[in-house]
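Take a look at the structure below.
Treat the numbers as computed from the prediction; the structure is a model and nothing was measured. Note: hydrogens, waters and symmetry copies are ignored here, and every other heavy atom, side chains too, is used. Position 1 is the first residue of the sequence, and the numbers go up from there.
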Amino acid sequence: MSETRIDAVIVGAGFAGMYMLHRLRGLGIAAVVLEQGEDVGGTWYWNRYPGARCDVESMQYSFSFLPELQQEWRWSERFASQPEILRYAAHVAERLDLRRDMRFHTRVTRAAFDEASALWTVETDGGDRYIARYCVMATGCLSTAKLPEIEGLGSFEGATYHTGAWPHEGVDFSGKRVAVIGTGSSAIQAIPVIAQQAAHLTVFQRTPNFSIPSRNAPMDDDYESWWKSDYEAHRAKARMMRTGILYGLNDKSALEVPPEEREAEYEARWARGGTAFMGAFSDLITNREANDTAAEFVRRKIRGIVKDPKVAELLAPKGYPIGTKRICVDTEYFETFNRPNVTLVDVREAPIEAITPRGVRTRTGEYECDALVFATGFDAMTGALTRIDIRGRGDAGLAEAWADGPRTYLGLMAAGFPNLFMITGPGSPSVLSNMIVSIEQHVDWLSDCLAHMQARGLTTIEATLEAQEAWVAHVNEVADRTLYPQAASWYMGANVPGKPRVFMPYIGGVGTYREKCAEIAAKGYEGFRLSAGAMPAAAAE
């Protein structure tokens, strides 16, 4: 056990923590990164399940702050796999010598703000304490794996796995009977790969998901050259797109074009593959009638792929608009259900009653298996923060402050928690965007803010309650203009029993959000209180 005094503590060694450390070094701010895992990579360190792959194209899912790196690095595929992304993260860490300021195998358990000194005390599971001026939570939006609440969960006698905490040595399912619970994005990637190995695969589905084929392929040399010929300009355009991803957007309504033109647009997007499908028309996330045309197109595709009509109908999503739950990108997911060794179980019709020593029991029978895979997602956006005992002014807990849903200013700070920063926190575009674009924007904004404070001898910054509440109202207002709240998604916290149903990310768009943040900074950090020392509690109210 030790006590270390340092300028800043960064929690998490994913892409956000890595870039934050690099920028703080440039400002002369001494920082340490505390990471639970044994190396860098964040979500790509933990999510090693079969078929794990990014749904943002490789040429765009990379750092832009090192021009020479983005020219030198060669991606092997259009959509990079988890091992390749992890190699990229390790390469960046090595290139920038980041690991010397990182402490691995270290889980943060508590962070408490002392009002008299305006310092944070950060405690770890090993009993070490770090006293710091600034505390940066780079904990990730999808980093707290969620197991389902099913009776008998610990009774299963075979091997159990969660896609978000996969064994690093890998798993061989050859000759085994495997059950997968869940059909979200992780399952949609893992199921085709597991089905190729397993003697038999049983998939337990509650809610079918819309998924678009990735059309993944080896990296096209001409496409790579196009990006690298003017990376700076392409990046600049991407940063102003709604999702932070550069792809063609159609400014027409799905309802203003003839049916044959609409069908041709969907066909072209389906053939190209990837999430750009949702850019087919301008009103797919705001107009239910327009959305229905896209949803029905995908349902027709599923019915055309899956040979058994009953299975096809079970896999065809209904009851919520396409894109309002995370739209998935797959490699022969629907085709997998044509395999003779794959069974689909509809748990809406036959709910899971219990996990037994031999398998999974539903209302209609028991399915025996040798291995059980939980693809049940995460306590998204807030779970990684609320599982740490974070204490602000007056010993107020962040988890208690967010009991009715997360409340932040810009997704960067919460009122009552001075000098505590969140990278891609709730209330920012985060999971609705290219995460690396959003990470870089947050880290750059925060770094510029700290430079501003340094130049003026300021040491404390805190979001005002008034600004926070106005921002929360704006986030909700923008969400309500769209179809997103109509789906029981993890964006709403619907996958965690008892979690408040609040739409957590900001859907106004990456470009719009970037402009708002820049405007706030240009106005002397409007909505924040900055001071040269510890602010009395009254001043922060």
Side-chain angles (χ1 to χ4, degrees), residues 47-57 77-82 142 161-164 166 171 173 178-198 200-217 266-267 269-278 294-320 322-348 371 373-377 487 489-490 495:
N47 285 265
R48 302 179 186 225
Y49 58 84
R53 188 177 299 280
C54 189
D55 58 4
V56 177
E57 288 188 350
E77 297 178 274
R78 180 185 172 197
F79 292 97
S81 66
Q82 176 271 332
L142 299 172
Y161 309 95
H162 191 287
T163 52
W166 203 259
V171 181
F173 290 114
V178 183
V180 174
I181 296 178
T183 52
S185 56
S186 298
I188 282 173
Q189 291 185 333
I191 283 169
V193 181
I194 295 174
Q196 292 170 12
Q197 293 182 3
H200 194 275
L201 173 63
T202 305
V203 177
F204 294 86
Q205 172 188 271
R206 180 181 60 187
T207 306
N209 269 283
F210 289 101
S211 187
I212 310 298
S214 69
R215 312 296 185 197
N216 189 41
Y266 290 143
E267 284 287 0
R269 302 252 173 180
W270 183 268
R272 171 63 179 161
T275 58
F277 180 86
M278 291 303 294
E296 185 53 34
F297 174 87
V298 175
R299 285 192 284 266
R300 287 200 307 272
K301 287 293 186 183
I302 295 170
R303 293 171 185 132
I305 293 169
V306 181
K307 295 176 181 177
D308 185 326
K310 292 182 180 178
V311 175
E313 281 309 307
L314 290 177
L315 290 167
K318 305 175 188 71
Y320 65 92
I322 185 172
T324 55
K325 292 169 74 76
R326 185 181 181 92
I327 194 163
C328 301
V329 175
D330 71 86
T331 300
E332 298 191 342
Y333 171 68
F334 296 112
E335 291 86 343
T336 298
F337 291 91
N338 292 328
R339 296 176 63 98
N341 69 326
V342 177
T343 300
L344 180 65
V345 177
D346 179 13
V347 300
R348 290 173 303 180
V373 175
F374 294 103
T376 46
S489 67
W490 57 257
N495 65 317

SG on C54 to CD on E77, rounded to 0.5 Å:
12.0 Å
In terms of ring plane angle, is the pair Y320 and F210 parallel, tilted or perpendicular, where the classes change at 30° and 60°?
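The arrangement is perpendicular - the two ring planes meet at more than 60°.
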Ignoring hydrogens and geometry, is there a side-chain-to-backbone donor-acceptor pair from [X] to [Y] under 3.5 Å?
{"X": "K318", "Y": "E313", "result": "yes"}
{"X": "R215", "Y": "W270", "result": "yes"}
{"X": "Q205", "Y": "T183", "result": "no"}
{"X": "R78", "Y": "E57", "result": "no"}
{"X": "E332", "Y": "P192", "result": "no"}
{"X": "R53", "Y": "Q189", "result": "no"}
{"X": "R269", "Y": "M278", "result": "no"}
{"X": "D330", "Y": "I188", "result": "no"}

So do R206 and R348 actually touch side chain to side chain, heavy atoms under 4.5 Å?
yes
Non-hydrogen atoms of [X] and [Y] that approach each other most closely:
{"X": "A52", "Y": "N47", "value": "CB-O, 3.6 Å"}
{"X": "V329", "Y": "S214", "value": "CG1-CB, 3.1 Å"}
{"X": "A198", "Y": "N341", "value": "O-ND2, 3.1 Å"}
{"X": "F334", "Y": "V306", "value": "O-CG2, 3.6 Å"}
{"X": "I302", "Y": "A312", "value": "CG2-O, 3.9 Å"}

Run through S185, P50, S186 and flag the one making a side-chain contact (heavy atoms from CB on, under 4.5 Å) with T163.
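Only match with T163 under side-chain contact (heavy atoms from CB on, under 4.5 Å): S186.
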So, applying side-chain contact (heavy atoms from CB on, under 4.5 Å) with V178, which one of T202, V171, I191, I194 is it?
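So the option named by the test is I194.
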Hey, is K310 close enough to D308 for a salt bridge, meaning N to O under 4.0 Å?
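Salt bridge flag = no for D308 with K310.
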